[in-house]
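The model shown is predicted, which means the values in this text are computed figures rather than measured ones. Naming: A, B, ... by sequence-line order, numbering from 1 per chain.
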Number of protein chains: 2
Amino acid sequence: MQALLLTGEAHNRLHEVCQRVDLTPAAVKALLVLSGGPRPMRDLVSTFRCDPSYMTSIVDVLERRGVALREPHPTDRRAKTVTVTDEGQEVVRRVQEIMSVPPSSFGVLTDAEQRILLELLTRLTDAEPGIPAVMRPRPSAASPTG
Amino acid sequence: MQALLLTGEAHNRLHEVCQRVDLTPAAVKALLVLSGGPRPMRDLVSTFRCDPSYMTSIVDVLERRGVALREPHPTDRRAKTVTVTDEGQEVVRRVQEIMSVPPSSFGVLTDAEQRILLELLTRLTDAEPGIPAVMRPRPSAASPTG
DNA sequence: TATTGTTATACTCTATAACTATA
DNA sequence: TATAGTTATAGAGTATAACAATA
């Protein structure tokens with residue numbers, strides 16, 4: 001199961017990931033959402049419920065880092081779509097690999113208990129509107145660290 | 001059960017709490033830890049793994065707001081202990097009351113499932129070092145909002 | 001010499017206001 | 001007139017460096 005509880009070990013792990021891939025936490029989250037397919041900035045703004053100016057600065061980071069690209073929107077000339085580059089997809093894979101290893105504390109639960117926890121959390125997050133699909137819990141083959 | 005998953009609704013709730021009690025999120029967290037009894041600044045610094053200068057500014061907020069007090073440490077004259085005032089204890093009660101109502105998404109789980117989730121999360125957080133007692137999950141009489 | 005805490009400062013994160021271009 | 005996005009700027013949040021007092 002994914003490192004869902006951003007507390008203790010998993011919280012530190014997110015910062016570790018950001019250093020490893022040389023991106024800020026906000027940029028990593030935006031990149032994960034974008035890995036599902038190109039989107040106009042305004043979609044990102046509504047997904048993250050942030051100010052448009054802040055999203056501009058986040059996408060600036062993604063472009064400077066070479067992991068995403070602004071492109072003209074096909075039908076609306078005011079808008080720009082943001083697309084993940086090949087290097088960006090590689091970064092996404094690295095992030096998901098690191099974050100999919102559960103914190104070592106998961107070792108105190110049996111496999112059956114981990115499956116139950118996963119199911120309950122999945123239903124819980126499904127019932128919360130506005131959580132992007134890539135950030136919802138889902139199964140993983142990995143075993144706990146530590 | 002407490003609003004443990006700081007995602008979606010519960011995340012917004014924390015910000016709502018901060019506005020209601022006129023404190024920053026960091027100050028609320030420090031106040032919760034201090035409600036367990038007076039502590040020297042250095043303890044808070046190690047609990048929150050932050051810089052001492054930042055803890056100085058957080059305790060400044062608590063003192064200006066009248067919810068905590070710096071007092072001389074009984075044996076170490078370099079140190080200061082931080083104590084919650086009566087008004088501070090009242091604020092703690094209000095914070096705990098608001099945060100103990102589970103997000104409405106918990107309504108998708110049966111009571112039995114909520115108890116299982118609580119047990120699993122309790123064991124998980126018990127296995128994570130460095131999480132202050134007041135921030136661990138625990139039972140609550142309240143029903144989900146919404 | 002090491003530790004507790006503060007001050008001054010700087011850097012990161014995020015929002016507001018004013019603006020351009022397009023719908 | 002309203003919407004998509006940018007720029008410039010300001011405000012929170014958090015850290016680093018230098019320091020005073022005490023251990």
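- Side-chain proximity of A/R78 to the nucleotides D/dA15, D/dG5, D/dA2 is greatest for D/dA2.
- Note that CG of A/L121 and CG of B/L117 are 6.0 Å apart. Values are rounded to the nearest 0.5 Å.
- Contact annotation: A/R42 side-chain N/O to D/dA4 OP1/OP2 distance is under 4.0 Å.
- With D/dA15, D/dA4, D/dG5 as the choices, the nucleotide that has an atom nearest any side-chain atom of A/K80 turns out to be D/dG5.
- Here the side chain of A/D51 is nearest to one of C/dT6, C/dT16, C/dC13, namely C/dT16.
- Ionic pairing of B/K80 and B/E71 is not present here: no N-O contact between side-chain nitrogen and carboxylate oxygen is shorter than 4.0 angstrom.
- Taking atom CG on A/L62 and atom P on D/dT6, their separation rounds to 12 Å, with Å as the unit.
- The nearest whole Å value for the distance from the CZ atom in A/R39 to the P atom in D/dA4 is 15 Å.
- Comparing D/dG13, D/dA23, C/dA23 by their nearest atom to the side chain of B/P25 picks out D/dG13.
- In terms of polar N and O atoms assigned as donor or acceptor, the side chain of A/S53 comes within less than 3.5 Å of the base of C/dT16 in a complementary pairing.
- Residue-to-nucleotide proximity on DNA chain C shows that, of A/A26 and A/T75, the 5′-proximal contact is made by A/A26.
- Not a single donor-acceptor pair, N or O on each side, falls under 3.5 Å between the base of D/dT22 and the side chain of B/R77.
- In this structure, A/M55 atom CE and C/dT16 atom P are separated by 15 Å, rounded to whole Å.
- Here D/dA2 presents its P atom at 17 Å from CG of A/D76, a figure rounded to the nearest Å.
- The side chain of B/T56 approaches C/dT6 more closely than any other nucleotide in the set C/dT6, D/dA8, C/dT4.
- B/E97 has no carboxylate O lying under 4.0 Å from a charged side-chain N of B/R93, or vice versa, which leaves the two without a salt bridge.
- Separating the CE atom of A/M41 from the C1' atom of D/dT6 is a distance of 9 Å, rounded to the nearest angstrom.
- A straight line from NE2 of B/H15 to P of D/dA12 spans 14 Å, rounded to a whole angstrom.
- Nucleotide D/dG13 holds its P atom 14 Å from the CZ atom of B/F48, rounded to whole Å.
- Although no hydrogens or angles enter the test, the distance criterion places a donor-acceptor pair under 3.5 Å between the side chain of A/R123 and the main chain of B/V108.
- B/Q19 places its CD atom 13 Å from the C1' atom of D/dA12, with the value rounded to the nearest Å.
- Ionic pairing of B/R70 and B/D60 is present here: one or more N-O contacts between side-chain nitrogen and carboxylate oxygen are shorter than 4.0 angstrom.
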